Structures are given as C-alpha cells and as structure tokens.
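Everything on this sheet refers to the single structure shown next.
The model shown is predicted, which means the values in this text are computed figures rather than measured ones. Below, each value reflects all heavy atoms present in this structure, side chains not excepted, and no hydrogens, waters or symmetry copies. We count residues from 1, following the sequence as given.
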Amino acid sequence: MKLNIIFSIVLLAGLTACTSKEATDFKKKVTDKEQMVFKALIDDHGYETEKSKSLIKRDFDGALTSIDKEEKLFDSVIKDLSALPVDQIKEGALVKTAAIGYYTTLKDLFLLDRESIQQQKITFTKDAQKVDKANDSILQITKKKVELHKIADTKSQNLQKALAAFDQANNIK
C-alpha cells in the first residue's frame with residue numbers, strides 16, 4: 001500500500017514537471033518566425049536593403065518589387081501561424097492569436113512604404129501641384145507609421161506576455 005502511494009506521488013510529480021513535446025515544438029515554430037522575418041528583411045540581401053538600394057538609385061519600381069516580396073513573406077508567416085494546431089496545448093491559442101496579431105501589424109507597417117514610394121515617385125515630376133500634394137501625402141503616411149510603430153510595440157509586448165504565460169502553463173523554462 002505504501003509502495004503504491006509513493007509510486008503514485010512520484011508519477012504525479014514526474015508528469016507535472018514534464019513539458020509537452022507538442023508545447024515545445026509549438027513554441028519553437030512560433031519563435032523561429034521572428035528570426036526568419038528579421039533575416040529576410042534586415043540581412044545584407046534582405047528586402048529592406050534591396051528597397052533602400054533601389055530608392056537610392058531612384059528605381060521606384062525596384063523598391064516596389066521589394067515591398068511585394070515583403071508582403072509575400074508576411075502572408076506566408078501569418079498563414080503558417082494560422083495553420084498551427086493548438087488543441088491540447090495550454091495557452092496555445094493565446095500565443096497563436098498574439099503572434100498573428102503582431103505579424104499582421106508588422107505587415108501593415110512595412111507595406112505602408114508602398115504608398116510612400118508611390119508618392120515619392122510623383123515628387124520627381126515637374127508638376128508643382130502634384131509634387132506638393134505628394135509631399136503632403138508622404139507626411140500623412142509618416143504619421144500613420146508612427147501610430148503603427150506604437151501598435152506594433154504593444155502587440156510585441158502582448159506576444160511576450162502570452163509566451164511567458166505559455167511557458168508557465170507548460171512548465172517550459
């Protein structure tokens with residue numbers, strides 16, 4: 001009888017201390033996206049670098065092509081995150097929702113450059129009225145970017161909080 005009780009206590013302690021392989025795999029899939037996105041955007045040959053080099057050359061179409069690539073990247077990340085199963089993973093739905101919200105906001109932020117570049121293109125025309133209107137539009141786009149930066153920061157914090165709750169719920173250290 002004592003042996004059964006001791007065995008039950010040891011088994012119960014072992015089960016509660018274990019982390020779920022599904023939970024650790026899920027977390028890895030979510031957190032790996034950040035490094036992938038960072039590398040694709042910021043790397044020496046990343047989309048942001050391509051876009052900047054194109055803009056320096058006043059190759060607006062080349063810059064817009066880089067933005068198209070960024071859009072595909074974010075769409076792919078959001079699609080991958082949306083497809084992750086969260087059944088039987090404690091706090092998985094919370095992390096999934098927070099991650100999708102974060103990457104959706106980043107997508108909105110980065111894609112605002114499309115509007116900005118289209119307006120920049122107009123500033124190189126000879127029509128002063130169109131140039132003034134384009135410059136006003138660029139200012140408004142910049143204001144939108146500032147707001148989206150704040151929202152992205154909040155979404156990033158929400159994701160970090162969700163990951164902390166996830167780690168605690170799944171005994172991940």
Side-chain angles (χ1 to χ4, degrees), residues 19-121 137-173:
T19 59
S20 155
K21 179 168 174 27
E22 291 85 11
T24 54
D25 288 349
F26 173 83
K27 182 180 179 184
K28 182 169 176 24
K29 288 175 184 173
V30 171
T31 57
D32 282 354
K33 295 296 181 197
E34 184 173 13
Q35 185 62 32
M36 183 191 80
V37 167
F38 181 82
K39 187 170 176 61
L41 293 174
I42 310 300
D43 193 52
D44 286 343
H45 303 290
Y47 304 140
E48 283 292 300
T49 305
E50 284 179 10
K51 180 180 70 182
S52 295
K53 288 178 180 178
S54 293
L55 288 172
I56 289 167
K57 295 183 227 173
R58 295 184 183 164
D59 175 10
F60 299 109
D61 292 333
L64 290 170
T65 298
S66 294
I67 292 174
D68 291 342
K69 292 176 186 177
E70 289 176 0
E71 183 173 27
K72 288 178 184 173
L73 169 71
F74 282 113
D75 286 344
S76 172
V77 168
I78 293 164
K79 181 180 176 186
D80 290 350
L81 290 169
S82 296
L84 287 176
V86 293
D87 298 338
Q88 309 301 319
I89 300 175
K90 297 174 192 167
E91 302 296 329
L94 180 66
V95 170
K96 180 178 176 176
T97 300
I100 291 169
Y102 173 66
Y103 287 107
T104 300
T105 301
L106 283 183
K107 175 185 173 184
D108 294 343
L109 175 62
F110 279 90
L111 295 187
L112 264 179
D113 281 345
R114 181 179 284 139
E115 293 177 44
S116 181
I117 290 167
Q118 290 166 340
Q119 296 305 309
Q120 286 177 40
K121 192 175 186 178
S137 291
I138 291 170
L139 179 63
Q140 295 306 314
I141 293 165
T142 302
K143 288 178 182 179
K144 282 184 196 175
K145 278 186 176 182
V146 170
E147 289 303 312
L148 279 175
H149 276 282
K150 291 176 187 175
I151 294 168
D153 182 53
T154 300
K155 299 274 183 159
S156 175
Q157 290 174 24
N158 291 346
L159 177 56
Q160 294 310 312
K161 288 176 188 174
L163 285 167
F166 179 86
D167 287 349
Q168 185 174 10
N170 290 286
N171 296 314
I172 297 174
K173 296 178 183 177

Does atom [atom1] of [X] have more than 12 heavy-atom neighbours from other groups under 6.0 Å away?
X	atom1	value
Glu34	CD	no
Lys96	NZ	yes
Gln157	CD	yes
Lys107	NZ	yes

Under a 4.5 Å cut-off applied to non-hydrogen side-chain atoms, are [X] and [Y] in contact?
X	Y	value
Lys145	Leu109	yes
Lys51	Ile117	yes
Glu50	His45	no
Phe26	Val95	yes
Lys53	Asp59	no
Arg114	Asp68	yes
Phe74	Asp108	no
Asn158	Thr154	yes

Test applied, side-chain contact (heavy atoms from CB on, under 4.5 Å); reference residue, Leu111; option that passes from Leu148, Leu106, Ile67: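 Going through the options one by one, the only one that passes is Ile67.
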Say you draw a straight line from [atom1] of [X] to [atom2] of [Y]; how long is it, rounded to the nearest 0.5 Å?
X	Y	atom1	atom2	value
Asn171	Lys90	CG	NZ	6.5 Å
Glu48	Glu70	CD	CD	4.5 Å
Leu73	Lys39	CG	NZ	13.0 Å
Thr104	Ile78	OG1	CD1	3.5 Å
Lys33	Tyr103	NZ	OH	8.5 Å
Ile89	Ser20	CD1	OG	6.0 Å

Tyr47/Phe110 aromatic ring centres below 6.0 Å: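 Centroid separation for Tyr47 and Phe110: 6.0 Å or greater.
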Restricting to non-hydrogen atoms, name the atom on [X] and the atom on [Y] that form the minimum distance, rounded to 0.1 Å.
X	Y	result
Val30	Ala99	CG1-CB, 4.0 Å
Ala63	Ser54	N-CB, 3.4 Å
Ala162	Leu94	CB-CG, 3.8 Å
Glu91	Ala169	CG-CB, 3.6 Å

Backbone N/O of Thr142 and side chain of Ser116: donor-acceptor pair under 3.5 Å: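 Such a contact is absent between Ser116 side chain and Thr142 backbone.
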Donor-acceptor contact below 3.5 Å, side chain Thr65 vs main chain Asp61: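 Confirmed, Thr65 side chain pairs with Asp61 backbone.
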Distance-only polar pair, side chains of Ser156 and Gln160, donor-acceptor under 3.5 Å: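 Not at all, the side chains of Ser156 and Gln160 share no donor-acceptor pair under 3.5 Å.
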Verdict with reasoning, Asp167 to Lys27, per salt bridge (Lys or Arg N to Asp or Glu O under 4.0 Å): CA-CA 9 Å; Asp167 287 349; Lys27 182 180 179 184; 2.8 Å; yes
Verdict with reasoning, Phe38 to Met36, per side chain to side chain contact (heavy atoms under 4.5 Å, CB included): CA-CA 5 Å; Phe38 181 82; Met36 183 191 80; over 6 Å; no
